[in-house]
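In what follows, a structure is listed as C-alpha coordinates, so that the remarks can point back to it.
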There are 2 protein chains.
Amino acid sequence: MATLDQTDKHLLNLLQENARFTTKQLALKLSLSPTAIYERIKKLERQNYINRYVALVNPRKIQKDFVAFVMIQLKEHTQASIAAFESEIALIPEIVACFHVSGTYDYLIKVNLDEMSSFRNFMVEKLTKIPHISNTQSAFSIKEVFNHTALKL
Amino acid sequence: MATLDQTDKHLLNLLQENARFTTKQLALKLSLSPTAIYERIKKLERQNYINRYVALVNPRKIQKDFVAFVMIQLKEHTQASIAAFESEIALIPEIVACFHVSGTYDYLIKVNLDEMSSFRNFMVEKLTKIPHISNTQSAFSIKEVFNHTALKL
DNA sequence: ACAGATATAGAATAATATTCTAAATTTACA
DNA sequence: TGTAAATTTAGAATATTATTCTATATCTGT
(Lines give C-alpha, C1' and ligand atoms only; values in the text may rest on other atoms or scores of the structure.)
Protein backbone atom coordinates (compact mmCIF):
# COMPACT_ATOMS: atom_id res chain seq x y z
CA MET A 1 0.00 0.00 0.00
CA ALA A 2 0.74 3.58 -0.64
CA THR A 3 4.24 4.80 -1.09
CA LEU A 4 4.59 8.55 -0.75
CA ASP A 5 5.48 10.50 -3.87
CA GLN A 6 7.27 13.84 -3.92
CA THR A 7 4.01 15.75 -3.75
CA ASP A 8 2.93 13.91 -0.62
CA LYS A 9 6.27 14.56 1.01
CA HIS A 10 6.17 18.21 0.08
CA LEU A 11 2.66 18.42 1.49
CA LEU A 12 3.71 16.83 4.78
CA ASN A 13 6.63 19.21 5.05
CA LEU A 14 4.40 22.21 4.48
CA LEU A 15 1.68 21.10 6.90
CA GLN A 16 4.27 20.38 9.57
CA GLU A 17 5.43 23.99 9.25
CA ASN A 18 1.98 25.51 9.07
CA ALA A 19 -1.21 23.53 9.38
CA ARG A 20 -3.25 26.59 8.43
CA PHE A 21 -2.29 26.65 4.78
CA THR A 22 -5.53 26.47 2.80
CA THR A 23 -5.98 23.95 0.02
CA LYS A 24 -5.86 26.88 -2.38
CA GLN A 25 -2.51 28.06 -1.06
CA LEU A 26 -1.09 24.56 -1.16
CA ALA A 27 -2.50 24.06 -4.65
CA LEU A 28 -0.58 27.10 -5.84
CA LYS A 29 2.67 25.95 -4.25
CA LEU A 30 2.40 22.42 -5.65
CA SER A 31 0.82 23.24 -9.01
CA LEU A 32 -2.28 21.16 -8.45
CA SER A 33 -5.98 21.84 -7.95
CA PRO A 34 -7.41 22.42 -4.47
CA THR A 35 -9.39 19.20 -4.87
CA ALA A 36 -6.27 17.17 -5.56
CA ILE A 37 -4.61 18.66 -2.49
CA TYR A 38 -7.72 18.03 -0.43
CA GLU A 39 -7.91 14.37 -1.44
CA ARG A 40 -4.23 13.83 -0.79
CA ILE A 41 -4.43 15.33 2.68
CA LYS A 42 -7.50 13.23 3.53
CA LYS A 43 -5.61 10.15 2.39
CA LEU A 44 -2.59 11.05 4.50
CA GLU A 45 -4.92 11.44 7.48
CA ARG A 46 -6.73 8.15 6.79
CA GLN A 47 -3.46 6.30 6.47
CA ASN A 48 -2.17 7.85 9.70
CA TYR A 49 0.72 9.74 8.25
CA ILE A 50 -0.81 12.74 9.93
CA ASN A 51 -1.79 11.97 13.50
CA ARG A 52 -3.29 15.28 14.43
CA TYR A 53 -3.19 19.06 14.24
CA VAL A 54 -2.18 21.11 17.26
CA ALA A 55 -1.56 24.67 18.34
CA LEU A 56 1.90 25.39 19.70
CA VAL A 57 1.86 27.64 22.74
CA ASN A 58 4.69 29.97 23.68
CA PRO A 59 6.16 28.59 26.94
CA ARG A 60 7.56 31.98 27.89
CA LYS A 61 4.16 33.64 27.78
CA ILE A 62 2.68 31.15 30.21
CA GLN A 63 5.67 31.01 32.55
CA LYS A 64 6.79 27.53 31.62
CA ASP A 65 10.06 28.24 29.90
CA PHE A 66 12.33 26.82 32.56
CA VAL A 67 13.29 23.40 31.19
CA ALA A 68 15.01 20.57 33.01
CA PHE A 69 16.00 17.09 31.89
CA VAL A 70 16.05 14.42 34.54
CA MET A 71 17.60 10.99 34.14
CA ILE A 72 16.05 8.44 36.43
CA GLN A 73 17.23 5.08 37.72
CA LEU A 74 14.70 2.59 39.06
CA LYS A 75 15.35 0.38 42.05
CA GLU A 76 14.17 -2.71 40.23
CA HIS A 77 13.35 -3.48 36.65
CA THR A 78 10.42 -5.79 37.05
CA GLN A 79 7.41 -5.45 34.81
CA ALA A 80 5.37 -4.29 37.78
CA SER A 81 7.86 -1.65 38.79
CA ILE A 82 8.14 -0.28 35.27
CA ALA A 83 4.39 -0.17 34.78
CA ALA A 84 3.83 1.51 38.13
CA PHE A 85 6.48 4.13 37.52
CA GLU A 86 5.19 4.94 34.05
CA SER A 87 1.62 5.39 35.17
CA GLU A 88 2.64 7.63 38.08
CA ILE A 89 4.84 9.79 35.91
CA ALA A 90 1.97 10.30 33.48
CA LEU A 91 -0.04 12.04 36.18
CA ILE A 92 2.47 14.85 36.70
CA PRO A 93 1.60 17.67 34.30
CA GLU A 94 5.01 19.37 34.56
CA ILE A 95 6.56 16.34 32.87
CA VAL A 96 6.01 16.90 29.19
CA ALA A 97 8.02 13.96 27.84
CA CYS A 98 9.19 10.61 29.11
CA PHE A 99 11.42 8.12 27.32
CA HIS A 100 12.51 4.71 28.50
CA VAL A 101 16.15 4.68 27.48
CA SER A 102 19.25 2.52 27.32
CA GLY A 103 22.32 3.16 29.46
CA THR A 104 23.02 3.75 33.10
CA TYR A 105 19.72 5.48 33.65
CA ASP A 106 16.34 3.99 32.81
CA TYR A 107 14.31 7.06 31.95
CA LEU A 108 14.85 10.49 30.52
CA ILE A 109 12.14 13.00 31.27
CA LYS A 110 11.64 16.61 30.25
CA VAL A 111 10.09 19.04 32.70
CA ASN A 112 8.62 22.48 32.02
CA LEU A 113 8.39 24.90 34.91
CA ASP A 114 8.42 28.61 35.58
CA GLU A 115 11.78 28.89 37.34
CA MET A 116 14.52 27.08 39.20
CA SER A 117 12.88 27.40 42.59
CA SER A 118 9.92 25.42 41.30
CA PHE A 119 12.28 22.67 40.25
CA ARG A 120 13.28 22.05 43.83
CA ASN A 121 9.63 21.79 44.75
CA PHE A 122 9.00 19.49 41.82
CA MET A 123 11.81 17.16 42.90
CA VAL A 124 10.97 17.10 46.57
CA GLU A 125 7.19 17.09 46.42
CA LYS A 126 6.47 15.22 43.23
CA LEU A 127 9.19 13.23 41.54
CA THR A 128 10.91 11.68 44.52
CA LYS A 129 7.56 10.95 46.08
CA ILE A 130 7.25 8.26 43.46
CA PRO A 131 8.48 4.96 44.86
CA HIS A 132 10.56 2.76 42.55
CA ILE A 133 13.05 5.56 41.94
CA SER A 134 16.61 4.79 42.99
CA ASN A 135 18.44 7.94 41.96
CA THR A 136 18.31 10.80 39.51
CA GLN A 137 20.54 13.22 37.66
CA SER A 138 19.39 16.57 36.35
CA ALA A 139 20.54 18.94 33.65
CA PHE A 140 19.01 22.33 33.04
CA SER A 141 18.41 23.93 29.70
CA ILE A 142 20.57 27.02 29.41
CA LYS A 143 19.23 27.70 25.96
CA GLU A 144 16.86 25.93 23.60
CA VAL A 145 18.84 26.11 20.39
CA PHE A 146 15.94 24.55 18.49
CA ASN A 147 13.17 22.08 19.12
CA HIS A 148 11.26 21.08 16.02
CA THR A 149 8.00 19.22 15.78
CA ALA A 150 8.60 18.58 12.09
CA LEU A 151 10.38 15.59 10.61
CA LYS A 152 11.82 16.55 7.24
CA LEU A 153 10.81 14.45 4.29
CA MET B 1 -1.57 43.83 29.58
CA ALA B 2 -3.78 40.85 29.31
CA THR B 3 -3.95 38.27 32.01
CA LEU B 4 -5.51 35.02 30.90
CA ASP B 5 -8.88 34.10 32.38
CA GLN B 6 -10.21 30.57 32.75
CA THR B 7 -11.84 30.67 29.34
CA ASP B 8 -8.56 31.61 27.67
CA LYS B 9 -6.75 28.81 29.47
CA HIS B 10 -9.42 26.32 28.55
CA LEU B 11 -9.21 27.46 24.95
CA LEU B 12 -5.43 27.06 24.88
CA ASN B 13 -5.73 23.58 26.35
CA LEU B 14 -8.27 22.57 23.73
CA LEU B 15 -6.36 24.01 20.79
CA GLN B 16 -3.17 22.33 21.96
CA GLU B 17 -5.00 19.01 21.83
CA ASN B 18 -6.76 19.63 18.54
CA ALA B 19 -6.25 22.73 16.45
CA ARG B 20 -9.09 21.69 14.15
CA PHE B 21 -11.89 22.40 16.56
CA THR B 22 -14.21 24.88 14.85
CA THR B 23 -15.30 28.05 16.58
CA LYS B 24 -18.77 26.52 16.76
CA GLN B 25 -17.50 23.41 18.54
CA LEU B 26 -15.43 25.47 20.95
CA ALA B 27 -18.38 27.80 21.54
CA LEU B 28 -20.49 24.83 22.63
CA LYS B 29 -17.80 23.51 24.97
CA LEU B 30 -17.20 26.90 26.58
CA SER B 31 -20.77 28.24 26.50
CA LEU B 32 -19.96 31.27 24.41
CA SER B 33 -20.78 32.46 20.92
CA PRO B 34 -18.56 31.53 17.95
CA THR B 35 -17.69 35.21 17.59
CA ALA B 36 -16.48 35.46 21.18
CA ILE B 37 -14.34 32.37 20.64
CA TYR B 38 -13.04 33.77 17.38
CA GLU B 39 -12.05 37.10 18.93
CA ARG B 40 -10.35 35.39 21.86
CA ILE B 41 -8.31 33.12 19.60
CA LYS B 42 -7.26 36.06 17.42
CA LYS B 43 -6.18 37.91 20.53
CA LEU B 44 -4.18 34.91 21.77
CA GLU B 45 -2.48 34.78 18.38
CA ARG B 46 -1.79 38.54 18.32
CA GLN B 47 -0.34 38.42 21.79
CA ASN B 48 1.86 35.45 20.87
CA TYR B 49 0.37 32.99 23.27
CA ILE B 50 -0.15 30.81 20.22
CA ASN B 51 2.95 30.70 18.06
CA ARG B 52 1.67 28.55 15.26
CA TYR B 53 -0.41 25.59 14.16
CA VAL B 54 1.25 22.44 12.93
CA ALA B 55 0.46 18.94 11.72
CA LEU B 56 2.05 16.13 13.71
CA VAL B 57 3.38 13.34 11.54
CA ASN B 58 3.63 9.73 12.66
CA PRO B 59 7.37 8.94 12.86
CA ARG B 60 6.76 5.22 12.43
CA LYS B 61 5.00 5.72 9.11
CA ILE B 62 7.91 7.61 7.65
CA GLN B 63 10.64 5.38 9.11
CA LYS B 64 11.92 7.85 11.62
CA ASP B 65 10.92 6.19 14.85
CA PHE B 66 14.37 5.22 16.02
CA VAL B 67 15.23 7.87 18.58
CA ALA B 68 18.59 8.60 20.16
CA PHE B 69 19.70 11.20 22.67
CA VAL B 70 23.27 12.38 22.44
CA MET B 71 25.06 14.40 25.08
CA ILE B 72 27.92 16.42 23.63
CA GLN B 73 30.97 18.01 25.18
CA LEU B 74 32.76 20.79 23.34
CA LYS B 75 36.52 21.16 23.27
CA GLU B 76 36.33 24.82 24.16
CA HIS B 77 33.58 27.07 25.37
CA THR B 78 34.43 30.26 23.57
CA GLN B 79 31.69 32.32 22.01
CA ALA B 80 33.07 31.43 18.58
CA SER B 81 33.11 27.73 19.29
CA ILE B 82 29.56 27.72 20.63
CA ALA B 83 28.23 29.75 17.72
CA ALA B 84 29.99 27.55 15.19
CA PHE B 85 28.75 24.35 16.74
CA GLU B 86 25.17 25.56 16.97
CA SER B 87 25.04 26.66 13.37
CA GLU B 88 26.52 23.39 12.14
CA ILE B 89 24.11 21.30 14.17
CA ALA B 90 21.18 23.21 12.74
CA LEU B 91 22.05 21.97 9.27
CA ILE B 92 21.63 18.29 10.13
CA PRO B 93 17.98 17.35 9.53
CA GLU B 94 18.10 14.17 11.63
CA ILE B 95 18.65 16.32 14.69
CA VAL B 96 15.19 17.43 15.74
CA ALA B 97 16.08 19.16 18.99
CA CYS B 98 19.12 20.76 20.54
CA PHE B 99 19.46 22.17 24.04
CA HIS B 100 22.46 23.90 25.57
CA VAL B 101 22.49 22.37 29.05
CA SER B 102 24.20 22.53 32.40
CA GLY B 103 26.35 19.73 33.75
CA THR B 104 29.22 17.64 32.49
CA TYR B 105 28.00 17.81 28.92
CA ASP B 106 27.29 21.01 27.04
CA TYR B 107 24.50 19.93 24.69
CA LEU B 108 21.70 17.45 24.61
CA ILE B 109 20.37 16.62 21.17
CA LYS B 110 17.58 14.38 19.99
CA VAL B 111 17.97 12.44 16.77
CA ASN B 112 15.29 10.73 14.69
CA LEU B 113 16.38 7.95 12.36
CA ASP B 114 15.03 4.78 10.81
CA GLU B 115 17.12 2.23 12.69
CA MET B 116 20.24 1.62 14.73
CA SER B 117 22.46 1.04 11.73
CA SER B 118 21.73 4.57 10.58
CA PHE B 119 22.83 5.87 13.91
CA ARG B 120 26.36 4.60 13.34
CA ASN B 121 26.37 6.37 10.00
CA PHE B 122 24.99 9.52 11.60
CA MET B 123 27.73 9.54 14.24
CA VAL B 124 30.61 8.75 11.90
CA GLU B 125 29.58 10.74 8.86
CA LYS B 126 27.75 13.67 10.35
CA LEU B 127 28.01 14.44 14.04
CA THR B 128 31.68 13.73 14.64
CA LYS B 129 32.56 15.49 11.40
CA ILE B 130 31.71 18.67 13.26
CA PRO B 131 34.84 20.13 14.79
CA HIS B 132 34.59 21.59 18.29
CA ILE B 133 33.21 18.31 19.67
CA SER B 134 35.32 16.73 22.38
CA ASN B 135 33.28 13.66 23.27
CA THR B 136 29.74 12.34 23.30
CA GLN B 137 27.52 9.92 25.13
CA SER B 138 24.44 8.33 23.63
CA ALA B 139 21.26 6.82 24.98
CA PHE B 140 18.66 5.14 22.81
CA SER B 141 14.94 5.34 23.29
CA ILE B 142 13.60 1.90 24.15
CA LYS B 143 10.09 3.25 24.36
CA GLU B 144 8.52 6.66 24.08
CA VAL B 145 6.24 6.61 27.11
CA PHE B 146 4.79 9.97 26.10
CA ASN B 147 5.91 13.12 24.38
CA HIS B 148 3.44 15.96 24.56
CA THR B 149 3.43 19.18 22.62
CA ALA B 150 0.86 20.64 25.00
CA LEU B 151 1.59 22.59 28.16
CA LYS B 152 -1.33 22.25 30.53
CA LEU B 153 -2.92 25.43 31.77
C1' DA C 1 -2.44 -1.89 -26.03
C1' DC C 2 -6.15 -2.35 -22.92
C1' DA C 3 -9.26 -2.68 -18.79
C1' DG C 4 -9.65 -1.38 -14.15
C1' DA C 5 -8.33 1.54 -10.63
C1' DT C 6 -6.78 5.97 -9.08
C1' DA C 7 -6.00 10.89 -9.37
C1' DT C 8 -7.37 15.27 -11.02
C1' DA C 9 -9.97 19.50 -12.42
C1' DG C 10 -13.92 22.24 -12.27
C1' DA C 11 -18.51 23.19 -10.82
C1' DA C 12 -21.90 23.06 -7.06
C1' DT C 13 -22.87 22.97 -2.20
C1' DA C 14 -22.08 23.09 2.74
C1' DA C 15 -19.68 24.71 6.45
C1' DT C 16 -16.71 27.79 8.51
C1' DA C 17 -14.14 32.00 9.12
C1' DT C 18 -14.43 36.82 9.17
C1' DT C 19 -16.55 41.30 9.40
C1' DC C 20 -19.93 44.41 11.10
C1' DT C 21 -23.21 46.51 14.29
C1' DA C 22 -25.42 47.06 18.46
C1' DA C 23 -26.05 45.59 23.13
C1' DA C 24 -24.01 43.97 27.30
C1' DT C 25 -20.35 43.73 30.45
C1' DT C 26 -16.25 45.09 32.54
C1' DT C 27 -12.77 48.56 33.87
C1' DA C 28 -10.84 52.75 35.38
C1' DC C 29 -11.26 56.47 38.06
C1' DA C 30 -13.66 60.73 39.46
C1' DT D 1 -20.25 54.44 44.52
C1' DG D 2 -21.50 56.13 40.16
C1' DT D 3 -20.35 57.00 35.50
C1' DA D 4 -17.94 57.21 31.10
C1' DA D 5 -14.76 54.71 28.31
C1' DA D 6 -13.12 50.51 26.81
C1' DT D 7 -13.73 45.73 26.07
C1' DT D 8 -16.40 41.67 25.22
C1' DT D 9 -20.20 39.47 23.38
C1' DA D 10 -24.16 37.93 20.39
C1' DG D 11 -26.38 37.76 16.17
C1' DA D 12 -26.77 38.85 11.40
C1' DA D 13 -24.40 39.43 6.95
C1' DT D 14 -20.61 38.31 3.97
C1' DA D 15 -16.41 36.10 2.31
C1' DT D 16 -13.67 32.23 2.17
C1' DT D 17 -12.78 27.63 2.55
C1' DA D 18 -13.87 22.80 2.95
C1' DT D 19 -16.35 19.17 1.01
C1' DT D 20 -18.98 16.67 -2.36
C1' DC D 21 -19.99 15.40 -6.97
C1' DT D 22 -19.24 14.30 -11.82
C1' DA D 23 -16.63 13.76 -15.75
C1' DT D 24 -12.09 13.44 -17.67
C1' DA D 25 -7.46 12.27 -17.44
C1' DT D 26 -3.70 9.51 -15.78
C1' DC D 27 -1.62 5.63 -14.04
C1' DT D 28 -1.12 0.38 -13.14
C1' DG D 29 -0.71 -4.14 -14.06
C1' DT D 30 -1.13 -7.55 -17.45
Side-chain angles (χ1 to χ4, degrees), chain A residues 1-64 114 149-153, chain B residues 1-64 114 149-153:
Chain A
M1 177 197 73
T3 166
L4 299 178
D5 65 13
Q6 281 311 115
T7 301
D8 290 321
K9 292 179 182 177
H10 199 174
L11 254 180
L12 287 174
N13 283 339
L14 289 167
L15 290 172
Q16 284 185 104
E17 289 308 320
N18 180 4
R20 285 294 164 89
F21 283 131
T22 64
T23 53
K24 187 194 284 189
Q25 290 174 312
L26 294 167
L28 268 170
K29 287 177 193 284
L30 303 191
S31 304
L32 276 175
S33 69
T35 303
I37 297 294
Y38 176 82
E39 293 298 341
R40 278 172 178 266
I41 292 174
K42 286 300 147 188
K43 189 173 183 180
L44 290 169
E45 291 169 357
R46 272 199 311 276
Q47 294 176 160
N48 292 114
Y49 283 94
I50 297 173
N51 281 332
R52 55 208 194 101
Y53 299 91
V54 301
L56 298 183
V57 166
N58 188 342
R60 190 167 41 79
K61 293 291 289 186
I62 60 172
Q63 283 78 53
K64 290 181 190 292
D114 62 339
T149 52
L151 298 169
K152 264 288 153 41
L153 291 157
Chain B
M1 175 197 73
T3 166
L4 300 178
D5 65 13
Q6 282 310 116
T7 301
D8 290 321
K9 291 179 182 177
H10 199 172
L11 253 179
L12 287 174
N13 284 338
L14 289 167
L15 290 172
Q16 284 184 103
E17 289 309 320
N18 180 4
R20 286 294 165 90
F21 283 131
T22 63
T23 52
K24 188 193 287 188
Q25 290 175 309
L26 295 167
L28 268 170
K29 288 178 194 284
L30 303 190
S31 304
L32 277 175
S33 69
T35 302
I37 297 293
Y38 176 82
E39 292 299 341
R40 278 171 179 267
I41 293 174
K42 285 302 146 186
K43 190 174 183 181
L44 290 169
E45 292 170 356
R46 272 198 312 275
Q47 294 176 161
N48 291 114
Y49 283 93
I50 296 173
N51 282 332
R52 55 209 194 100
Y53 300 92
V54 302
L56 298 183
V57 166
N58 188 340
R60 190 166 40 79
K61 293 291 290 187
I62 60 171
Q63 284 79 54
K64 290 181 190 291
D114 61 339
T149 52
L151 298 170
K152 264 286 154 42
L153 292 157

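Not measured: the values here are computed from a predicted model. Naming: A, B, ... by sequence-line order, numbering from 1 per chain.
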Q. Counting just side-chain N and O atoms, does A:Ser33 come under 4.0 Å of either OP1 or OP2 of C:dG10?
A. no

**Q.** Test item: A:Arg52 side-chain N/O and B:Glu17 main-chain N/O as donor-acceptor pair under 3.5 Å
**A.** yes

Q) Do any N or O atoms from the side chain of A:Gln16 and from the backbone of A:Leu151 form a donor-acceptor pair under 3.5 angstrom? A) yes

Q: In whole angstrom, give the distance that lies between atom NZ of A:Lys42 and atom C1' of D:dT17.
A: 12 Å

Q. Is there a donor-acceptor pair closer than 3.5 Å between any side-chain N or O of A:Asn13 and the backbone N or O of A:Leu153?
A. yes

Q.
On the nucleotide D:dT19, are OP1 or OP2 found under 4.0 Å from the side-chain N or O atoms that A:Tyr38 carries?
A. yes

Q.
Can you measure B:Leu30 atom CG to D:dT9 atom P for me and round it to whole angstrom units?
A. 11 Å

Q | Rounded distance in Å - CG (A:Asp5) to C1' (C:dA7) | A | 10 Å

Q: To the nearest Å, give me how far apart CZ (A:Arg46) and P (C:dT6) are.
A: 11 Å

Q. Is any side-chain nitrogen or oxygen of A:Lys43 closer than 4.0 Å to OP1 or OP2 of C:dA7?
A. yes

Q: Starting at atom CZ of A:Arg40, determine the distance to atom P of C:dA7, rounded to an integer number of angstrom.
A: 8 Å

Q: Send over the distance from A:Glu39 CD to C:dA9 C1', rounded to a whole Å.
A: 12 Å

Q) Which whole-number value in Å describes the distance from A:Leu32 CG to C:dT8 P? A) 6 Å

Q. In whole angstroms, how far is the P atom of D:dT20 from the CD1 atom of A:Ile41?
A. 14 Å

(Q) Need one value for A:Thr35: base, sugar-phosphate or nothing, where a base atom within 4.0 Å counts as base even if backbone is also close, heavy atoms only. (A) base

Q | Considering all heavy atoms, the nearest B:Pro34-B:Ala27 contact | A | N-CB, 3.6 Å

